Amino acid sequence: MNRALLFPIVGVCAVGLAAGFGLRPLLFPAARVAIYPRTIEFKDGHIQGEPLETHFELKNESRSTVTVTSLSSSCGCMVLSGKDGPLKTPFSLAAGAALPITLSVATGGRVGPQVFRLSATAEAAFGAPAKALARVRVKLLAALRAQPAMILFRRAKTGAPLAAEVKLADMLPDPGVRIREVRVSNEKTMRVEVQGETGPSDMFGESATAQARATLKLSYVPDATEGRIQEMISIVPEDARFAMLQIPVYCEIAQPRSRLIPQALTVPADHDAEFRRTVWFDSDTADAMISLASAPAGIKVDIGQGPSAGKAITISGKTSDLDGSSAVVFLINGDEVRFPIRIAPIEVVLDSNSSN
């Protein structure tokens, strides 16, 4: 080929290709779709188990017909329907058209704030697929509620009987939640009874009524000797759509304590000075026992009479009968308890005008 003709031919081809690619977006516009509104929000006040329904639009914002290849949600609890029933992909959507879609949400087994996602994918004749996204928000109230939501026993004693009440409310309209059974985590120490406002079993079985109210009564005898116990009351609905209602039971065991107030004595440092001090013996139990085991020579200990709580003990003597390790030893409930008696340090005052 004549080299003089080669360059013009290559140039014409390059211009033609460039023109073709430049015209392609005009001849075959890319797909553009959107979901309106982009945030689908249900008003507060919906109850767990209550079916929800709302509407939104899928709009083709491109200049040509697109094929919607998928409609999906982040949860199997959502169903998308058109005017003729559940939507099936693929389907065509004309340029500028908006397709009304009904969104149904099954709310069983969910409580509290919930966030789901919707997505739609569409394709045009050429170009990359387009995707539209939206969020679905709903705050679900528990169908079965307890007030208070937990039970706390403070400073309980091992073996001491305890009692508490919890108000139960079925928030669901007819036919109501209906309780199948009430479980406790420790059948040895816990007993529960549910008493309805109109009868002993109006939240159970065939006699259950919608929006019933009841009182759960707990009898509890802690068997642990120390620490914090956690138990659980579980209320199981008949319908699996409703989550089990759990009421935690906390019990703080307070070990009975006996104490001397103050925990030690400090007496004057003067040699041969006489002292007389009152010490109080206090106890959480009325049957606590205290007696004298030993005392330094010359020190007199007088344990007052009467109940253990607030019992006065008088300790008297002379500082000359004490040394740095002196202590009175008591027997409290059979255990030896050392009660120190200290001598106050001697204050030495130096004269700033004195010289060596």
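Counting from 1, the numbers follow the sequence of the chain as shown. Owing to the predicted nature of the structure, the values given are computational and were not obtained by experimental measurement.
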Note to self: Considering only residues two or more places apart or on different chains, which pairs with a residue in residues 40-159 satisfy disulfide bond (SG atoms under 2.5 Å apart)?
What the structure shows: C75-C77

Notebook entry, point to check: So, T89 side chain and V68 main chain: donor-acceptor pair closer than 3.5 Å or not?
Noted result: no

Notebook entry, point to check: Is there a donor-acceptor pair under 3.5 Å between the side chain of D170 and the backbone N or O of V177?
Noted result: yes

Check: With a cutoff of under 4.5 Å between side-chain heavy atoms, which Ile, Leu, Val, Met, Phe, Trp and Tyr residues group with L152?
Finding: M150, Y250

Please list every donor-acceptor pair under 3.5 Å in which a side-chain atom of residues 53-60 meets a protein atom from a residue at least two apart or in another chain.
residue : atom : partner : partner atom : Å
H55     : ND1  : T102    : OG1          : 3.1
N60     : OD1  : S62     : N            : 3.0
N60     : OD1  : S62     : OG           : 2.5
N60     : ND2  : S64     : O            : 3.0
N60     : ND2  : L93     : O            : 2.9
N60     : ND2  : A94     : O            : 3.0

Check: Taking it one step at a time, do M190 and V249 satisfy side-chain contact (heavy atoms from CB on, under 4.5 Å)?
Finding: CA-CA 10 Å; M190 305 172 72; V249 179; 4.1 Å; yes

Note to self: Using every non-hydrogen atom in the two residues, find where I299 and G317 come nearest and quote the distance to one decimal.
What the structure shows: CD1-CA, 4.1 Å

Checklist line | Within residues 316-343 or reaching into it, pairs that qualify as salt bridge (charged side-chain N to carboxylate O under 4.0 Å, His left out) - sequence neighbours excluded | finding: none

Note to self: Give me each pair satisfying disulfide bond (SG atoms under 2.5 Å apart) with a member in residues 110-164, each pair once, sequence neighbours excluded.
What the structure shows: none

Notebook entry, point to check: Which atom pair, heavy atoms only, marks the closest approach of F339 to A264?
Noted result: CE1-N, 3.5 Å

Notebook entry, point to check: If you measure from CD1 on I151 to SG on C251, what distance do you get to the nearest 0.5 Å?
Noted result: 11.0 Å

Next item on the list: Please check if V194 and V236 belong to a single hydrophobic cluster, counting links between Ile, Leu, Val, Met, Phe, Trp and Tyr side chain heavy atoms closer than 4.5 Å.
Entry: no

Check: What is the minimum heavy-atom distance between A120 and V33, and which atoms define it?
Finding: O-CG2, 4.5 Å

Notebook entry, point to check: Given T215, which of K167, E165, E193 fulfils the side chain to side chain donor-acceptor pair (under 3.5 Å) condition?
Noted result: K167

Checklist line | Test side chain to side chain contact (heavy atoms under 4.5 Å, CB included) applied to P100 - qualifying residues, sequence neighbours left out | finding: none

Checklist line | Nearest heavy-atom neighbours spanning P161 and V221 | finding: CA-CG2, 4.0 Å

Check: If you measure from CZ on F153 to CD1 on I253, what distance do you get to the nearest 0.5 Å?
Finding: 10.5 Å

Item checked: Closest non-hydrogen atom pair between S81 and L87, with its separation -> C-CG, 3.9 Å

Checklist line | By side chain to side chain contact (heavy atoms under 4.5 Å, CB included) - contacts of T189 (at least two apart) | finding: N186, Y220, D223, E231

Check: Looking only at heavy atoms, which two atoms of P340 and A327 are closest? And how far apart?
Finding: CA-CB, 3.9 Å

Checklist line | R178 CZ to D239 CG distance, which is reported to the nearest 0.5 Å | finding: 10.0 Å

Check: Is Q114 reaching over with its side chain to a backbone N or O of V111, donor-acceptor style, under 3.5 angstrom?
Finding: yes

Note to self: Using the rule that Ile, Leu, Val, Met, Phe, Trp and Tyr join whenever any side-chain heavy atoms are under 4.5 Å apart, tell me whether L144 and L141 fall into a single cluster.
What the structure shows: no

Next item on the list: Following the transitive rule for hydrophobic clusters with a side-chain heavy-atom cut-off under 4.5 Å over Ile, Leu, Val, Met, Phe, Trp and Tyr, establish whether I303 and I341 coincide in one cluster.
Entry: yes

Margin query: Are L103 and F116 linked, directly or through intermediate hydrophobic residues, by side-chain heavy-atom contacts shorter than 4.5 Å (ILVMFWY only)?
Written below: yes

Notebook entry, point to check: In Å, rounded to the nearest 0.5 Å, how long is the span from CD1 of I47 to CD of Q211?
Noted result: 7.0 Å

Notebook entry, point to check: Among L245, L216, L168, which residue meets the side-chain contact (heavy atoms from CB on, under 4.5 Å) test with V182?
Noted result: L216

Check: Atom OG in S74, atom CZ in R117: separation rounded to 0.5 Å?
Finding: 4.5 Å

Checklist line | N/O donor-acceptor pair under 3.5 Å between R145 side chain and A143 backbone | finding: no

Check: Partners of R183 by salt bridge (charged side-chain N to carboxylate O under 4.0 Å, His left out), sequence neighbours excluded?
Finding: E181

Margin query: Would you compute the distance between atom CD1 of I235 and atom CD1 of I247 and round it to the nearest 0.5 angstrom?
Written below: 4.0 Å

Exercise answer: donor-acceptor pairs, residues 127-139 side-chain atoms, under 3.5 Å, sequence neighbours excluded:
none

Note to self: Please say yes or no: joined through hydrophobic side-chain contacts below 4.5 Å, possibly via intermediate residues, are L118 and V66 part of one cluster?
What the structure shows: yes

Check: Does S294 have any side chain to side chain contact (heavy atoms under 4.5 Å, CB included) partners at least two apart in sequence or in another chain, and if so, which?
Finding: V329

Checklist line | Set of side chain to side chain donor-acceptor pair (under 3.5 Å) partners for S70, sequence neighbours left out | finding: T121

Notebook entry, point to check: What residues, two or more places apart in sequence or in another chain, satisfy side chain to side chain contact (heavy atoms under 4.5 Å, CB included) together with I343?
Noted result: V267, A269, L322

